[in-house]
Amino acid sequence: MASFIRQTIPDIKYRRELFSFSDGGEVGLDWMKKVDGGPEQPIVLLLPGITGSSQSEYMKVLVNVACDEAKARCVVFNFRGRGGLGLKSPRTYCAANSDD
């Protein structure tokens with residue numbers, strides 16, 4: 001049942017910002033803003049798990065809740081090689097590394 005429900009969550013149309021690093025690696029910030037709350041509107045940064053991305057079911061639910069309930073702008077940090085980004089350097093995501 002849970003698998004069926006998760007499949008019914010539609011993809012979110014984000015505005016993507018790409019950041020390239022000196023080693024050739026790349027990460028993506030996917031922004032979602034449902035309402036314009038001006039400069040005082042809170043921003044919620046979401047970090048998916050090791051195999052997650054901004055289109056993972058649990059991320060889409062969190063983004064929708066944060067936007068709807070907290071009236072926040074949400075940004076999901078897509079790590080190197082995740083969220084449709086190609087892996088452009090030998091370095092991959094590691095939770096122990098906070099350089100990115």
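Note that the coordinates shown come from a computational prediction; the quantities given were computed from them, not determined experimentally. Because only heavy atoms are used, hydrogens play no part in the values below, and waters and symmetry mates are left out as well, while side chains stay in.
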Quick check: do [X] and [Y] have side-chain heavy atoms less than 4.5 Å from each other?
X     : Y     : answer
Leu47 : Val76 : no
Pro48 : Met59 : yes
Met32 : Arg73 : no
Arg16 : Asn78 : yes

Nearest 0.5 Å, what's the [atom1]-[atom2] distance between [X] and [Y]?
X     : Y     : atom1 : atom2 : value
Glu26 : Lys88 : CD    : NZ    : 3.5 Å
Phe77 : Leu29 : CZ    : CG    : 6.0 Å
Gln55 : Arg82 : CD    : CZ    : 12.0 Å
Ser53 : Lys60 : OG    : NZ    : 8.5 Å

Original post:
Below 4.0 angstrom, N of the basic side chain to O of the carboxylate: do Arg15 and Asp30 qualify?
Top reply: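 No, this pair does not count.
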**OP:** State whether Arg80 and Asp23 are salt-bridged, where the test is any N-O pair (Lys NZ or Arg NE/NH1/NH2 against Asp/Glu carboxylate O) under 4.0 Å.
**Re:**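 Salt bridge flag = yes for Asp23 with Arg80.
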**OP:** Using the side-chain contact (heavy atoms from CB on, under 4.5 Å) rule, pick out the option among Leu46, Val44, Val63, Leu45 that qualifies with Val75.
**Re:**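 When Leu46, Val44, Val63, Leu45 are each tested with Val75, the side-chain contact (heavy atoms from CB on, under 4.5 Å) holds only for Leu45.
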Original post:
Sequence neighbours excluded, which residues qualify as side chain to side chain contact (heavy atoms under 4.5 Å, CB included) partners of Ile50?
Top reply: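 For Ile50, the residues satisfying side chain to side chain contact (heavy atoms under 4.5 Å, CB included) (neighbours in sequence not counted) are Tyr93.
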**OP:** Output all residues satisfying side chain to side chain contact (heavy atoms under 4.5 Å, CB included) with Asn64, sequence neighbours left out; order by chain, then residue number.
**Re:**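 For Asn64, the residues satisfying side chain to side chain contact (heavy atoms under 4.5 Å, CB included) (neighbours in sequence not counted) are Ile12, Lys34, Asp68.
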**OP:** Examine Leu85 and Tyr14 and state if one hydrophobic cluster contains both, with Ile, Leu, Val, Met, Phe, Trp and Tyr joined whenever side-chain heavy atoms are less than 4.5 Å apart.
**Re:**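 Leu85 does not cluster with Tyr14.
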**OP:** Please find out if less than 6.0 Å separates the ring center of Phe19 from that of Phe21.
**Re:**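 No - the distance between ring centres of Phe19 and Phe21 does not fall below the 6.0 Å cut-off.
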Original post:
Where is the tightest heavy-atom contact between Ala66 and Cys74, given as atom of each residue plus distance?
Top reply: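 Closest heavy-atom pair between Ala66 and Cys74: CB-SG, 3.4 Å.
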